[in-house]
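None of the values given here were measured: they were computed from a predicted structure. As a basis for the values below, the full set of heavy atoms in this structure was taken, side chains included, without hydrogen atoms, waters or symmetry mates.
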Amino acid sequence: MDVVTGGVMPAPKELDPTASPAAHFGADLRKYRYAAKWTQEQLAERIGYSKSRIGNVERGEENPTRELIELCEEALGLNGPLLSHWPAISGNRMPDWFRQWPPIERKADQLITWAPLIVPGLVQTEEYARAIFEGGPHATPQQVDEAAEARVERQSIFNRPNPPQFLAVIDEGILYRPIGDEFVTHRQLEHLITLAENKWFTVQLLPYAARCTAVLVGPALLAQQNGVPIAAYVESAVHGRVVDSTSEIKRLVDRLELIRSAALPEYLSVQRIKERLQRGVE
């Protein structure tokens, strides 16, 4: 027990490893420091940094440098678990045009997406994501691994005590479009049904019969805070972009409302997905 003059040190701040890649690293650093039975000051002395710097990093308030991570690994006698956080912290596994989006995604309390071609990334299984990335031109095994891992890491926002509400409006064609082998597609549809058991997740199916062409312009993801849209992420064949102008967001919201009005309610959507599974994935 750390004791200071006149009393006992206050309990350390509880960490939320799902808040950001830096917070995830900070929680792991504290875990390994505790295992070594070191104080922040003792770790700081061994690696040549200040105690306040270690504290900031552990609380996720400051991104660690690669040098700091490597020094911590060496001091704590580790062989990779801390350094494995570096790609997520540095953003190396994300294209430049996407790096602006994850911080917006993490602070949103509601996320709404429409998807005309594939299951939205935030609710993809790792196998499904991997099959998509493997289909990219000139994709190397390492690039596929890194992209799939980065996509799964984004899903950690749903592990929070109060995860953001997530609404996915998906086109009926997604149920019939094989991604990977039969097992991959089957597992992905099962995953959607499992997610629908959570209060924070809603899925709505846009049926062919709705003849809604508004969805055909491509996928988009809208972030909201306290019921107010704050930004959106839209994709094209070349790259995606973050939209934050009021006029553009309004146009996206209007399109989303049109698509939602044509979609089935959740209970019928889940029923359709279950029926597709019962018939077997083609």
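- Distance alone, capped at 3.5 Å, is enough to place a donor-acceptor pair between the Arg46 side chain and the Gln42 backbone.
- Residue Ala148 comes nearest to Arg130 through the heavy atom pair CB-NH2, 4.1 Å, listed as atom of the first residue, atom of the second, then distance.
- Put simply, the side chain of Gln225 gets close to the backbone of Lys107: a donor and an acceptor are under 3.5 Å apart.
- Partner of Arg53 under the side chain to side chain donor-acceptor pair (under 3.5 Å) criterion, chosen from Gln40, Glu58, Glu62: Glu62.
- With Arg255 contributing its side chain and Ala214 its backbone, the two residues share a donor-acceptor pair below 3.5 Å.
- In terms of hydrophobic clustering, with Ile, Leu, Val, Met, Phe, Trp and Tyr side chains grouped at heavy-atom distances under 4.5 Å, Tyr128 and Phe166 are assigned to a common cluster.
- Residues satisfying the side chain to side chain contact (heavy atoms under 4.5 Å, CB included) criterion with Thr140, sequence neighbours excluded, are Gln142, Gln143.
- In this structure, the side chain of Glu235 does not engage the main chain of Gly240 through any donor-acceptor pair within 3.5 Å.
- With hydrogens and angles disregarded, no donor-acceptor distance shorter than 3.5 Å links the side chain of Glu45 to the backbone of Lys51.
- Judged purely by atom type and a 3.5 angstrom limit, Asp109 uses its side chain to pair as donor or acceptor with the backbone of Asn226.
- The hydrophobic clustering, which links ILVMFWY residues whose side-chain heavy atoms are closer than 4.5 Å, places Leu206 and Leu117 apart.
- No salt bridge links Asp254 with Arg251; every basic N to acidic carboxylate O contact stays at or beyond 4.0 Å.
- Minimum interatomic distance between Pro207 and Ala262 (heavy atoms only, all atoms of both residues): CD-O, 3.8 Å.
- Val242 and Leu256 fall into different hydrophobic clusters, where Ile, Leu, Val, Met, Phe, Trp and Tyr residues are linked whenever their side-chain heavy atoms come under 4.5 Å apart, directly or through other members.
- Enclosure of atom CG in Asn79 is not indicated, since only 12 or fewer non-hydrogen atoms of other residues, nucleotides or ligands lie within 6.0 angstrom.
- Hydrophobic clustering (side-chain heavy atoms under 4.5 Å, transitive across Ile, Leu, Val, Met, Phe, Trp, Tyr) groups Tyr49 together with Phe25.
- Applying the side chain to side chain donor-acceptor pair (under 3.5 Å) test to every pair with at least one member in residues 192-221, sequence neighbours left out, gives these pairs: Gln204-Arg260.
- At least one donor-acceptor pair closer than 3.5 Å links the side chain of Glu73 to the backbone N or O of Leu83.
- Smallest separation of non-hydrogen atoms from Phe201 and Glu266: O-OE2, 3.4 Å.
- The minimum heavy-atom distance linking Gly121 with Arg151 is given by the pair O-CG, 3.6 Å.
- A side-chain donor-acceptor contact under 3.5 Å links Asp181 to the backbone of Val184.
- Put simply, the side chain of Thr185 never gets that close to the backbone of Glu182: no donor and acceptor are under 3.5 Å apart.
- Looking at every heavy atom in both residues, Tyr32 comes nearest to Pro81 through OH-CB, 3.4 Å.
- Within 6.0 Å of the CD atom in Glu74, the count of heavy atoms belonging to other residues, nucleotides or ligands does not exceed 12.
- Side-chain heavy atoms closer than 4.5 Å link hydrophobic residues (I, L, V, M, F, W, Y) into clusters, and following such links, even through other members, never connects Ile174 to Leu216.
- Here the closest heavy-atom approach between residue Ala139 and residue Phe133 is recorded as CB-O, 3.5 Å.
- By the side chain to side chain contact (heavy atoms under 4.5 Å, CB included) test, Glu275 is found to be paired with Gln271, Arg272, Arg279, residues two or more places apart in sequence or in another chain being considered.
- A distance-only check finds no donor-acceptor pair linking the side chain of Gln110 to the backbone of Gly227 [under 3.5 Å].
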